[in-house]
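Presented below is the structure to which this report refers.
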Amino acid sequence: KVHIEAERHSEAGLQMVMIGHAGHPETLGTMGQLPKGEVILVETVADVARITPRDPAKLAFITQTTLSVDDTADIVAALKARFPAIIGPHKEDICYATTNRQIAVKQLAKECDLVLVIGSTNSSNSNRLVEVAREYGSESYLIDNHTQVRDEWLEGVDTVGMTSGASAPEELVADLVKHFEAKGVTDVSELRTVEESVRFMLPKEIRNALPMVPSQS
């Protein structure tokens with residue numbers, strides 16, 4: 001969707017500003033869709049002050065979808081302040097899973113002494129969850145799986161919160177729960193904050209090609 005959006009703006013004569021992280025696969029893929037120089041990458045508010053677009057009146061911005069609304073808010077504000085005519089995307093371009101996880105972690109951090117985040121070290125949204133937990137008063141660590149939990153982290157801890165990055169397999173979270181149950185933990189509950197009802201439809205061409213499944217009477 002973001003690739004198509006970038007191409008559409010480019011065809012309309014607009015230069016792209018992409019909010020994202022250098023080297024991230026999505027950023028590389030999106031920037032690779034257009035000729036060199038047609039996409040300017042910004043990672044911070046300071047970057048906004050340094051960029052020199054071809055025509056400040058003909059700009060559009062797009063975002064790396066694994067960033068949340070909170071992650072991009074200050075940069076978007078800086079872009080709009082410096083380039084009032086800049087065109088932005090619909091908020092749906094932001095990954096709903098990333099935003100929802102950050103909302104949940106804010107609440108989790110208020111209720112837990114320690115928050116463990118399952119995710120890869122090169123996952124921007126997983127690292128951000130650790131930062132959010134710490135910002136909201138809880139100690140937090142990023143782990144690949146339950147085998148990386150250190151006993152010293154648990155000293156003086158009464159309540160542990162668990163979450164994962166947007167692309168981490170659910171089974172890793174289940175294994176982490178089992179790890180603590182094996183240590184004698186019996187009180188395990190799920191924190192619910194945002195009900196997710198987003199559905200991702202297959203393209204019409206694929207849906208039409210699928211065989212019909214007869215209804216059961």
What about [X] and [Y], same hydrophobic cluster or not, with Ile/Leu/Val/Met/Phe/Trp/Tyr joined at side-chain heavy-atom distances under 4.5 Å?
| X | Y | answer |
| --- | --- | --- |
| V160 | V132 | no |
| L191 | L172 | no |
| I62 | L41 | yes |
| V188 | L176 | yes |
| L114 | L108 | no |

What is the minimum heavy-atom distance between [X] and [Y], and which atoms define it?
| X | Y | value |
| --- | --- | --- |
| V45 | A78 | CG1-CB, 4.0 Å |
| N127 | S120 | ND2-O, 4.1 Å |
| S138 | A109 | CB-O, 3.6 Å |
| A60 | L14 | CB-CD1, 4.0 Å |
| G20 | Q64 | CA-OE1, 3.4 Å |

Determine whether a donor-acceptor pair (N or O, by modelled atom type, separation under 3.5 Å) exists between the side chain of [X] and the backbone of [Y].
| X | Y | answer |
| --- | --- | --- |
| S10 | A6 | no |
| R101 | L129 | no |
| N145 | I118 | no |
| S140 | V115 | yes |
| Q15 | P53 | no |
| Q102 | N125 | no |
| D113 | D158 | yes |
| E7 | Q33 | no |
| T27 | H21 | yes |

For T63 and I75, run side-chain contact (heavy atoms from CB on, under 4.5 Å): C-alpha distance rounded to whole Å, both residues' side-chain angles, the deciding distance at 0.1 Å, then the answer.
-> CA-CA 10 Å; T63 61; I75 301 175; over 6 Å; no
Are any of the side-chain heavy atoms of [X] and [Y] separated by less than 4.5 Å?
| X | Y | result |
| --- | --- | --- |
| K183 | D151 | yes |
| L116 | F180 | yes |
| Q148 | Y141 | no |
| E111 | T159 | no |
| R134 | E131 | no |
| T30 | M16 | no |
| T72 | F61 | no |
| I19 | L79 | yes |

Hey, what do you get for [atom1] ([X]) to [atom2] ([Y]), rounding to the nearest 0.5 Å?
| X | Y | atom1 | atom2 | result |
| --- | --- | --- | --- | --- |
| D144 | T121 | CG | OG1 | 6.5 Å |
| E170 | S164 | CD | OG | 6.0 Å |
| I40 | T52 | CD1 | OG1 | 6.5 Å |
| K110 | Q107 | NZ | CD | 5.5 Å |

Show your reasoning for whether side-chain contact (heavy atoms from CB on, under 4.5 Å) applies to V105 and Y136.
-> CA-CA 9 Å; V105 165; Y136 278 76; over 6 Å; no
NZ of K58: more than 12 outside heavy atoms within 6.0 angstrom?
-> no
Working for side-chain contact (heavy atoms from CB on, under 4.5 Å), residues V157 and E139 = CA-CA 10 Å; V157 170; E139 187 55 85; over 6 Å; no
May I ask you to decide if the ring planes of H146 and H179 are parallel, tilted or perpendicular, using 30° and 60° as cut-offs?
-> tilted
In sequence, state the C-alpha distance, the side-chain angles, and the governing distance for R128 and E135, and then conclude on salt bridge (charged side-chain N to carboxylate O under 4.0 Å, His left out).
-> CA-CA 10 Å; R128 181 60 182 145; E135 288 170 3; 3.0 Å; yes
